[in-house]
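In what follows, a single structure is set out as structure tokens and then discussed.
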Number of protein chains: 2
Amino acid sequence: MGRTTGTTGIDDVARAAGVSASTVSRVMNGRAGVDAALAERVRTAASSLGYRPNPLARSLVLGRTQTIAVVVPDLANPTFQGMLRGVTLAAARDGYRVLVADTSEDAAAEEAIVRETRQRCDAVVLCSPRMASDVLIAAVAALDPVVVINREVPGIPGVSADYRVGIVELLEHLATLGHRRLVYAAGSPSSASDAARRAGLADFALARPDVEVLTVEAGATFGDGAAAASVVVESGATGVVAFNDLVAMGVLASLAAQGIAVPAEVSVVGFDDIPFAAFTTPALTTAAVPVGELGELAWRRLAARFAGEEPEGDVMLRPELRVRASSGPVRTVISPAAGAGAGAGAETGAGRS
Amino acid sequence: MGRTTGTTGIDDVARAAGVSASTVSRVMNGRAGVDAALAERVRTAASSLGYRPNPLARSLVLGRTQTIAVVVPDLANPTFQGMLRGVTLAAARDGYRVLVADTSEDAAAEEAIVRETRQRCDAVVLCSPRMASDVLIAAVAALDPVVVINREVPGIPGVSADYRVGIVELLEHLATLGHRRLVYAAGSPSSASDAARRAGLADFALARPDVEVLTVEAGATFGDGAAAASVVVESGATGVVAFNDLVAMGVLASLAAQGIAVPAEVSVVGFDDIPFAAFTTPALTTAAVPVGELGELAWRRLAARFAGEEPEGDVMLRPELRVRASSGPVRTVISPAAGAGAGAGAETGAGRS
DNA sequence: GCCGTTCCAGAAAACGCTTTCCCATAGGCT
DNA sequence: AGCCTATGGGAAAGCGTTTTCTGGAACGGC
């Protein structure tokens, strides 16, 4: 009756307008078949009472909440921030709200978190780079309206960036600049998108047997990159492609601290094109992953699903190479001219093995 | 009955366990006074049926959703990302979910957005730097369990960073380095935290009449900073304190493009200490605003409120000066020694008026 | 041995809405 | 004039829980 809670309910409006609750409901939802005068009376009563239908009650009877969940592993990561933003904005445009969950704290409890969250929503977009494939497949089945980002699950719509071809573009870019000995500062082996990158590494190895690509385990954070820099240096590689921009920035920072010139001595490229990649020193060459679009697309798939459309196959967005200042021609051992040449090499690093 | 929707409901469990729904409810909620054997039977039935109580129905009857809303003006801004993360993590620890809303698209509709969002939740954390004060006060009244971030609303708990003293710290830092002519690259005049900064400017003017501080209108983004850089240069100031780190980075970029050395010719400092402030070139001196803590504190106030505690006064966090490489001693017009001195000045900019 | 307690469990009433079902009224048709 | 069909609005049955209220059974005290 609304009086219990202090909120004005549909019955209050009905009473004020001298009609039944059914009629109020019909008017509020724009259902046809209500006398114009009556409808007007209801609207007046509703607005003068400041009536707002309780969304919870609506959700319960309607069976939909007008809300979706977005589950990401780490809200501190620019990539996931971008995705979250993409789906939030797109969903808002269609009148949907977003419930956000960060699973970082407890990767083991991830499945429980996403299930619990899912119950309050109409669907979920799941971004879980690390969940084991079999666990993921099992978990996702119970989530039904769901789209996964950067994962492949049979029968489930997914939107991904093509990390595999992206990393090949990066490698080719360096190869074209003359680099013949590169290192890949890898992400976590349990990361699905890292696996895609490694597949790209293999593709590249076949295509360009003349270029050597070593792999060093790094991680996904700035710190991981900084830590990996020393082994990059020791490897004697002239170029490093990092798991992502964060790692690349770590490498950059560590290299700078060691007085190693980028790109004169070592080229370093990242992956993702996070908002700050353009502002590192030197500005980071990277493969741009359109995270916002990824998020928006995820929403679109969900919206289509809500509209009853049949799901099509997965969509894959191709990263775009962004050449900036952190990559350059391979250093030459020939005596440097102190001129204007961009890639004029210093011999400083010559003795490194 | 649950059968209609395909979901297993409480009645299904009741039937399976041969008890009434009331008993199932009691067991599921750990209410005392249920025979142990019976309780066990219910638990077995529930888990074998994979029963999960519908949170919507619970919310409706309980009158609480176990969800709070976080409303921010722009999910692309690192500051708000940090706050969102802070409250999300803290709330999750206490079993609460977060509904996120980005109001950027339509500042006029902000009030409607927050009201609508609020209805689905138990409370809201509102971060609305630009809403006019009177509108805010009126709007916030209808939101009751609410905490505002970086705004002062009488009678409403708020958590803020002390931008006023923060900017004074920054100014004093530059004054100490010998700067006597500074410019403040201001944010939007409609921004509450910009008003606080300007109040700080006034405080500083009183305390240090020997230091001149000009104000130029800039904005809150990288682009705004870049655009403002030229007028900074023309002003002949030796130091600029930017509205925030983004603006500072814009200034930095534009200065670099013009070949003006930082900090040798001009010092620039930011505000916020966003994650990337440490990685600009040169690394940005700034006043660190603990956004994560701000968010966490906001949650705490809400949690306390839920627990029935009385609200205390507003809390204000003091920004912490982080001196990095973008600020240095004022340039000297005296002939530079080509030595190791950090702030050895170039005369390049001497003619600027 | 009877009555008053206590303990448990089920029936039913909310929570605030939507929607189906049904009835009344008015209008058109033959 | 009588009947049949729109048309509009009200009553009531949900949606899936929680919780109060009620009642039956077992138990203890006198």
Side-chain angles (χ1 to χ4, degrees), chain A residues 1-43 45-46 49-67 116 118-122, chain B residues 1-43 45-46 49-67 116 118-122:
Chain A
M1 294 292 161
R3 202 176 306 120
T4 8
T5 58
T7 324
T8 74
I10 198 172
D11 287 330
D12 299 305
V13 179
R15 209 171 306 123
V19 300
S20 76
S22 334
T23 301
V24 177
S25 172
R26 281 190 272 256
V27 172
M28 297 304 288
N29 294 298
R31 287 235 167 322
V34 178
D35 186 83
L38 213 53
E40 192 45 38
R41 219 164 74 210
V42 168
R43 261 187 290 270
L49 281 155
Y51 170 64
R52 322 206 131 269
N54 180 327
L56 242 57
R58 297 196 74 221
S59 294
L60 183 59
V61 55
L62 259 20
R64 66 188 145 78
T65 60
Q66 214 78 339
T67 301
E116 219 291 53
R118 168 65 182 83
Q119 274 206 290
R120 307 184 171 272
C121 305
D122 299 339
Chain B
M1 295 292 160
R3 203 176 306 121
T4 7
T5 59
T7 324
T8 74
I10 197 171
D11 287 331
D12 299 305
V13 179
R15 208 171 306 121
V19 298
S20 76
S22 333
T23 300
V24 177
S25 173
R26 282 190 271 256
V27 172
M28 296 305 288
N29 294 296
R31 284 231 170 327
V34 177
D35 185 83
L38 214 52
E40 192 45 39
R41 218 164 76 211
V42 168
R43 263 187 289 269
L49 280 149
Y51 169 65
R52 321 206 133 271
N54 180 328
L56 242 57
R58 298 196 74 220
S59 293
L60 182 60
V61 55
L62 257 21
R64 66 189 145 79
T65 59
Q66 213 78 339
T67 302
E116 219 290 53
R118 167 64 181 84
Q119 275 206 292
R120 310 184 168 270
C121 304
D122 300 339

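All chains are named by letter (A, B, ...) in the order of the sequence lines, taking the proteins before the strands, and each is independently numbered beginning at 1.
Comparing C:dA11, D:dG9, C:dT18 by their closest approach to the side chain of A:Val61 singles out C:dT18. Minimum atom distance to the side chain of B:Tyr51 is reached by D:dT17, of the listed C:dA9, C:dG16, D:dT17. Among the nucleotides D:dG10, C:dC17, D:dT19, the one closest to any side-chain atom of B:Ser22 is D:dT19.
Between the A:Arg118 side chain and the A:Cys121 main chain, a donor and an acceptor come within less than 3.5 Å of each other.
In this view, A:Asp122 and A:Thr65 satisfy the side chain to side chain donor-acceptor pair (under 3.5 Å) rule, not counting sequence neighbours. In this structure, B:Ser59 has no side chain to side chain donor-acceptor pair (under 3.5 Å) partners at least two apart in sequence or on a different chain. The side chain to side chain donor-acceptor pair (under 3.5 Å) search around B:Gln119 returns none, not counting sequence neighbours. A:Arg43 meets the salt bridge (charged side-chain N to carboxylate O under 4.0 Å, His left out) test with A:Glu40; sequence neighbours excluded. Qualifying side chain to side chain donor-acceptor pair (under 3.5 Å) partners for A:Ser22, counting only residues two or more places apart in sequence or in other chains: A:Ser20.
Residue A:Gln66 contributes atom CD, which lies 15 Å from atom C1' of C:dC17 at whole-angstrom precision. Here the C1' atom of nucleotide C:dT18 and the CZ atom of A:Arg64 are 11 Å apart, to the nearest Å. The CG-C1' distance, from B:Leu62 to C:dA14, rounds to 13 Å in whole Å. Distance A:Asp12 CG to C:dC15 P: 11 Å, rounded to the nearest Å. In this structure, the CG atom of B:Asp35 is 13 Å from the P atom of D:dA26, given to the nearest Å. Here the C1' atom of nucleotide D:dT18 and the CG atom of A:Leu56 are 14 Å apart, to the nearest Å. Rounded to an integer number of Å, the gap from B:Asp11 CG to C:dG10 P is 12 Å. Remark: P of C:dA14 and CD1 of B:Ile10 are 19 Å apart, rounded to the nearest angstrom.
A close approach under 4.0 Å does occur between a side-chain nitrogen or oxygen of B:Thr23 and OP1 or OP2 of C:dG10. Taking 4.0 angstrom as the limit, A:Arg58 places none of its side-chain polar atoms (N or O) nearer than this to OP1 or OP2 of C:dC17.
At least one side-chain heavy atom of A:Arg120 sits under 4.5 Å from a side-chain heavy atom of B:Gln66.
Here A:Leu60 lies in heavy-atom contact (under 4.0 Å) with a base.
Residue pairs meeting the salt bridge (charged side-chain N to carboxylate O under 4.0 Å, His left out) criterion with at least one member in residues 21-39 of chain B, sequence neighbours excluded, do not occur.
In the helix from C:dG1-D:dC30 to C:dT30-D:dA1, the terminal helix axes, each the rotation mapping four pairs' C1' atoms onto the next four within five end pairs, subtend 60°, rounded to 10°.
For the side-chain contact (heavy atoms from CB on, under 4.5 Å) criterion with A:Arg58, the lone passing option out of A:Leu62, A:Leu60, A:Leu56, A:Asn54 is A:Leu62.
For the segment residues 26-34 of chain A, residues with any heavy atom less than 4.0 angstrom from an atom of DNA chain D are, sorted by number, A:Arg26, A:Gly33, A:Val34.
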